[in-house]
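Structure first, then comments.
The model shown is predicted, which means the values in this text are computed figures rather than measured ones.
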Amino acid sequence: MITLQLDMYQACALGALVYCLGRLMVNKLSFLSKYCIPAPVAGGIVFAFAHLALYAAGILELSFDTTLQSVFMTIFFCSVGFTACFRLLKKGGIQVFMFLGLAIAICIVQDAVGSGLAAAFGLDPLLGLCMGSMPLVGGHGTSGSFGPLLETDYAVIGATTVALAAATYGLVSGSMMGGPIARARVEKLHLKSTAAEEGNETAEVMPAVDGQKFTTSAMFLAVAIGLGTLIFTFFKDVCHLTFPTYIGAMLAAAAIRNIWDVQNKELPMVEIDALGGLSLNLFLSMAMMSMELWLLASLAIPMIVTLLAETVLVGLFAYFIIFNSLGRDYDAAVMTAGTCGFGLGA
């Protein structure tokens, strides 16, 4: 078998091609857009299966330099940190904090189920985390960052591949079950929306990306990432806590965002989001194409059982606990649908 090592530039170029393939698929295949499958995931799955076929035939095995993948991951999560606006949280009122508590509960229960079932199948309980809140609530981005951490620091073989596969399952299942569950509540209790009457709503027009602001946004991201390394080092060396490297950048970005809000200054959020989206697409493409699917062969039954159990858990949690806790009205029914997407996919 030929083993081919791609350096970081070649891996990035291949990731870009994988993204283009995925975007073509999403544009041509309606079911992909219907279930909100991102282009990097669609293209990455095709590439991963092609790689699996070559590996199984004893023809070719690819390995990738993940340096730029880590860079894109950090840029994306840093851009997410800039959206943490405390001023907006206040507008949500008590329900925001109620949902926060319920969301934490979902994560705890998912991890307990994942670890417990992994142990029951004789697997490392840490591998169960790769079928719990990490891929389901966290999605592909969190899976792509925590998976390598489990592999390098805790020797959990196949953690990244298992987590990414579980995150892909979550995208589909979360999209499929959210609507029916909310609809069942709306029809059973004859709930009505309190939103504005149709025709009174105004369409939101997204502003165009500004070149100067684009450069400014890049500067904000660079500063937040640099400060984030100091925060990460503090947590690691002083507090002896283990976090993904991007956490420091997220916290620094959140601090900068709220300092600017206090001073009534505006950040170039459209441009920051654009850079974050670009980085996410490349990061996800590179993470998905590096999946070693042959590692899943021995985990097929445990993964199926665990992910089905997690799906039932989130469905029951949304239908009974979320709906009843948030007011039993139309908005609460909408939140049950959102919880299925939040608890299982993106």
Side-chain angles (χ1 to χ4, degrees), residues 31-38 41 76-77 79-81 83-111 113-114 131-143 166-196 198 201 203-204 206 250 273 276-277 280 284 307-346:
F31 74 91
L32 292 176
S33 57
K34 178 180 180 181
Y35 293 115
C36 305
I37 306 299
V41 175
F76 163 68
F77 280 107
S79 73
V80 173
T83 66
C85 177
F86 296 126
R87 185 172 57 189
L88 293 179
L89 284 179
K90 292 180 181 178
K91 295 183 179 180
I94 187 64
Q95 283 196 328
V96 170
F97 298 97
M98 289 178 62
F99 185 76
L100 174 61
L102 294 171
I104 293 172
I106 290 176
C107 293
I108 293 172
V109 176
Q110 281 184 331
D111 288 338
V113 169
M131 297 175 276
S133 66
M134 180 199 309
L136 300 179
V137 172
H140 288 84
T142 306
S143 300
T168 303
Y169 165 84
L171 279 175
V172 179
S173 59
S175 297
M176 291 180 66
M177 68 184 290
I181 286 179
R183 186 182 182 90
R185 279 301 197 185
V186 170
E187 293 183 344
K188 181 178 181 180
L189 300 178
H190 307 290
L191 303 176
K192 300 295 182 181
S193 171
T194 56
E198 184 177 358
E201 299 177 357
E204 180 181 0
M206 294 299 293
M250 288 185 71
D273 288 341
L280 175 62
L284 277 187
L307 291 175
L308 287 177
E310 300 281 21
T311 303
V312 173
L313 166 69
V314 171
L316 294 175
F317 195 96
Y319 190 82
F320 291 105
I321 297 179
I322 294 292
F323 181 77
N324 291 321
S325 298
L326 298 184
R328 295 178 58 83
D329 56 8
Y330 185 90
D331 289 343
V334 174
M335 287 297 290
T336 63
T339 300
C340 291
F342 164 80
L344 289 173

Measure the spacing between CG of Leu307 and CG of Leu344 and express it to the nearest 0.5 Å. 9.0 Å
Measure the spacing between OG1 of Thr311 and CE of Met177 and express it to the nearest 0.5 Å. 6.5 Å
Hey, does the side chain of Thr83 reach the backbone of Val80 with a donor-acceptor pair shorter than 3.5 angstrom? yes
Taking Gln110 for the side chain and Val314 for the main chain, is one N or O donor matched with an acceptor at less than 3.5 Å? no
Looking only at heavy atoms, the pair that brings Gly178 and Cys340 closest together is CA-CB, 3.6 Å
Residues 318-329, side-chain donor-acceptor partners within the protein, below 3.5 Å, at least two apart:
| unit_1 | atom_1 | unit_2 | atom_2 | d |
| --- | --- | --- | --- | --- |
| Asn324 | OD1 | Arg328 | NH1 | 2.4 |
| Asn324 | ND2 | Phe320 | O | 2.6 |
| Ser325 | OG | Ile321 | O | 2.7 |
| Asp329 | OD1 | Asp331 | N | 3.4 |
| Asp329 | OD1 | Ala332 | N | 2.8 |

Main-chain N/O of Gly132 paired with Asp111 side-chain donor or acceptor, under 3.5 Å: no
Looking at CE of Met134 and SG of Cys107, how far apart are the two atoms once the value is rounded to the nearest 0.5 Å? 11.5 Å
Leu280 vs His140, side-chain contact (heavy atoms from CB on, under 4.5 Å): CA-CA, chis, key distance, verdict: CA-CA 10 Å; Leu280 175 62; His140 288 84; over 6 Å; no
For the CZ atom of Phe342 and the CE atom of Met335, what is their distance to the nearest 0.5 Å? 9.0 Å
Shortest non-hydrogen contact between Ala182 and Ala333, atoms and distance: CB-O, 3.2 Å
Which atoms form the tightest heavy-atom contact between Phe77 and Thr142, and what is the distance? CZ-N, 3.8 Å
Please test Ile106 against Leu136 for side-chain contact (heavy atoms from CB on, under 4.5 Å), starting from the C-alpha separation and ending with a verdict. CA-CA 10 Å; Ile106 290 176; Leu136 300 179; over 6 Å; no
